[in-house]
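These notes concern the structure reproduced below.
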There are 2 protein chains.
Amino acid sequence: MPSGRVREFDADEALDRAMGVFWRHGYEGTSLADLTAAMGINRPSLYSAFGNKEQLFRKVLDRYQAGPLGFAAAALEMPTARGVVEAFLDGFIRCIRGGPAPGCLVVSAALVSGEDAEPVRRELARLRRGTVAALRGRFERAASEGDLAAGTDCGALALYVAAVLDGLAVLAASGATEVDLGRVAELTMRLWPS
Amino acid sequence: MPSGRVREFDADEALDRAMGVFWRHGYEGTSLADLTAAMGINRPSLYSAFGNKEQLFRKVLDRYQAGPLGFAAAALEMPTARGVVEAFLDGFIRCIRGGPAPGCLVVSAALVSGEDAEPVRRELARLRRGTVAALRGRFERAASEGDLAAGTDCGALALYVAAVLDGLAVLAASGATEVDLGRVAELTMRLWPS
DNA sequence: GATTCATTGTACCGATCGGTACGAAAAAAT
DNA sequence: ATTTTTTCGTACCGATCGGTACAATGAATC
């Protein structure tokens with residue numbers, strides 16, 4: 001069976017280029033013309049390889065979680081709750097200041113949206129809620145291990161840490177320097193319940 | 001001199017309707033058709049009264065700062081830094097959960113954007129930096145009054161409070177309830193340096 | 001009542017949106 | 001070398017984008 005013409009671009013590299021565009025300009029702010037220009041491929045190739053704009057974004061999102069947000073899995077396995085939060089702050093600051101634009105794709109790409117992009121907006125909100133749930137679960141484990149004081153409100157603590165993290169992403173998008181973000185992280189740890 | 005036909009709509013009410021649309025769908029996610037439908041006027045009336053889409057948004061932004069964000073001026077005049085932060089948290093949670101969509105217009109409307117909306121994105125970033133600067137100034141006053149401990153890093157403190165506030169807006173856009181946001185605020189105040 | 005002038009509604013502008021039809025090109029199988 | 005299969009490039013689709021020309025409308029002035 002003949003296997004046809006071989007594709008001339010690397011799918012993963014094309015996804016990285018697409019990630020850069022979505023990161024800088026958000027989901028709605030990115031046009032197909034932007035994507036094809038950055039990815040170095042033409043429109044039919046994009047649709048053949050990745051589906052449509054939304055499916056491409058979801059593939060980019062998977063790659064973003066495995067790449068720039070990959071630190072989170074390791075951070076959750078730190079031995080203490082304090083260590084978890086430190087690793088999250090450090091890894092997230094590296095993520096939001098190390099990318100093609102200051103900020104986090106999951107926070108910025110579609111915090112609000114028109115009706116067309118509603119499914120994407122909901123998916124991003126779902127991912128953010130997942131982070132809160134993961135933190136809460138980890139803090140509950142810490143409480144059961146005696147690492148956090150008995151009676152600690154782990155749900156509130158998880159929401160609070162998520163708020164600081166999300167806030168760092170917004171600050172970065174506001175023009176805060178990496179030093180500024182580091183000062184927030186340092187102060188957060190100084191205030192952390194001991 | 002004849003004064004011409006009188007306009008049939010109230011400009012302030014139309015601005016409120018426009019604010020609702022921008023609040024729900026962001027700057028780029030809002031179309032002229034969305035705006036005219038919500039404002040109950042047609043396109044030439046909109047352009048004659050408010051300029052173009054960007055100028056309309058800027059007028060909405062002024063109204064947003066005077067209305068939903070109006071608490072900030074009073075909050076900055078609270079007698080203690082602790083009181084300032086409490087008032088900010090309380091007022092901001094009321095704002096982001098009391099509007100037409102959960103979240104804050106200044107945070108959500110254009111955290112990132114395509115090139116067309118770049119001026120709007122920059123203006124919103126400028127406003128957010130202004131909040132940080134206002135908090136820092138207020139904390140420096142508190143430090144000079146002995147309200148905050150000598151040697152306090154007021155810049156870091158302001159960035160930290162801004163991060164929690166921005167984070168609350170993101171959490172709200174992620175679906176957090178007002179109770180959840182209140183738990184974050186309460187925990188933030190419990191951790192506040194005494 | 002005639003005139004003046006801003007507002008209104010309709011109908012339209014060129015540009016861009018996301019998405020696709022179709023033929024040329026290229027590599028594997030026969 | 002011919003056939004088969006897939007990708008690539010161009011050129012295009014209808015729909016929607018932000019913005020406007022123009023004539024009808026209606027209230028105030030004369």
Side-chain angles (χ1 to χ4, degrees), chain A residues 1-15 17-18 21-22 24-61 109-110 112-121 123, chain B residues 1-15 17-18 21-22 24-61 109-110 112-121 123:
Chain A
M1 46 182 136
S3 60
R5 184 174 176 173
V6 298
R7 89 159 36 123
E8 296 176 356
F9 63 94
D10 180 65
D12 282 337
E13 186 176 331
L15 278 179
R17 305 288 189 88
V21 184
F22 281 127
R24 281 192 297 268
H25 299 130
Y27 181 73
E28 287 180 321
T30 297
S31 71
L32 263 295
D34 294 333
L35 288 168
T36 54
M39 300 167 84
I41 65 182
N42 48 34
R43 221 167 278 217
S45 297
L46 190 157
Y47 277 82
S48 150
F50 304 109
N52 60 12
K53 185 186 178 185
E54 179 177 338
Q55 292 167 352
L56 169 62
F57 181 79
R58 296 186 118 98
K59 289 186 172 68
V60 163
L61 210 50
V112 295
S113 77
E115 297 192 0
D116 311 335
E118 190 75 3
V120 167
R121 206 212 87 229
E123 171 68 11
Chain B
M1 47 184 136
S3 58
R5 184 173 178 176
V6 300
R7 85 161 38 122
E8 297 177 356
F9 64 92
D10 179 67
D12 283 338
E13 186 175 332
L15 278 180
R17 306 288 189 86
V21 184
F22 281 127
R24 281 193 296 269
H25 299 131
Y27 181 74
E28 288 181 321
T30 297
S31 70
L32 265 294
D34 294 334
L35 289 168
T36 54
M39 300 166 84
I41 65 182
N42 49 34
R43 222 167 276 218
S45 297
L46 190 156
Y47 277 82
S48 150
F50 304 108
N52 60 12
K53 184 187 178 184
E54 179 176 339
Q55 292 167 353
L56 168 63
F57 181 78
R58 296 185 118 97
K59 289 188 172 67
V60 163
L61 210 49
V112 296
S113 77
E115 296 192 1
D116 310 335
E118 189 75 3
V120 167
R121 205 212 89 229
E123 171 68 12

By the 4.0 Å heavy-atom rule, please label B:D116 as base, sugar-phosphate, or nothing. nothing
Would you mind classifying the nucleic acid contact of B:T36 as base, sugar-phosphate or nothing, using non-hydrogen atoms under 4.0 angstrom? nothing
Between [atom2] of [N] and [atom1] of [X], the distance in whole Å:
{"X": "A:F9", "N": "D:dT7", "atom1": "CZ", "atom2": "C1'", "answer": "9 Å"}
{"X": "B:F50", "N": "D:dG18", "atom1": "CZ", "atom2": "C1'", "answer": "17 Å"}
{"X": "A:E8", "N": "C:dA26", "atom1": "CD", "atom2": "P", "answer": "8 Å"}
{"X": "B:K53", "N": "D:dC17", "atom1": "NZ", "atom2": "C1'", "answer": "9 Å"}
{"X": "A:F57", "N": "C:dG19", "atom1": "CZ", "atom2": "P", "answer": "14 Å"}
{"X": "B:L56", "N": "D:dG19", "atom1": "CG", "atom2": "C1'", "answer": "14 Å"}
{"X": "B:L32", "N": "C:dC17", "atom1": "CG", "atom2": "C1'", "answer": "15 Å"}
{"X": "A:I41", "N": "C:dG19", "atom1": "CD1", "atom2": "C1'", "answer": "14 Å"}

Distance below 4.0 Å between [X] side-chain N/O and [N] OP1 or OP2:
{"X": "B:S48", "N": "C:dT7", "answer": "yes"}
{"X": "B:R7", "N": "C:dT7", "answer": "yes"}
{"X": "A:N52", "N": "C:dG18", "answer": "no"}

How are the rings of B:F9 and B:F50 set relative to one another: parallel (under 30°), tilted (30 to 60°) or perpendicular (over 60°)? tilted
Between D:dG18, C:dA25, C:dA28, which one does the side chain of B:Y47 approach most closely? D:dG18
Considering only side-chain heavy atoms of B:V6, which listed nucleotide, D:dT7, D:dG18, D:dA27, is closest? D:dA27
Kindly indicate whether the side chain of B:T30, heavy atoms from C-beta on, has any atom under 4.5 Å from the side chain of B:H25. yes
Tell me whether the NZ or CZ atom of A:K53 lies within the 45° cone about the ring axis of A:F22 and under 6.0 Å from its centre. no
Pair B:R121-B:Y27, side chain to side chain contact (heavy atoms under 4.5 Å, CB included): steps then yes or no: CA-CA 9 Å; B:R121 205 212 89 229; B:Y27 181 74; over 6 Å; no
Would you mind building the protein contact string for nucleotides 10-16 of chain D? One character per nucleotide, 5' to 3', B for base within reach (heavy atoms under 4.0 Å), S for sugar-phosphate only, - for untouched. B------
Pairwise distance CG(A:D34) to CE(A:M39) - rounded to 0.5 angstrom: 12.0 Å
More than 12 heavy atoms of other residues, nucleotides or ligands under 6.0 Å from CD of A:E115: yes or no? no
The side chain to side chain contact (heavy atoms under 4.5 Å, CB included) partner of B:P44 among B:L46, B:I41, B:N42 is B:N42
Residue whose nearest DNA chain D nucleotide is more 5′ - A:S45 or B:R5: A:S45
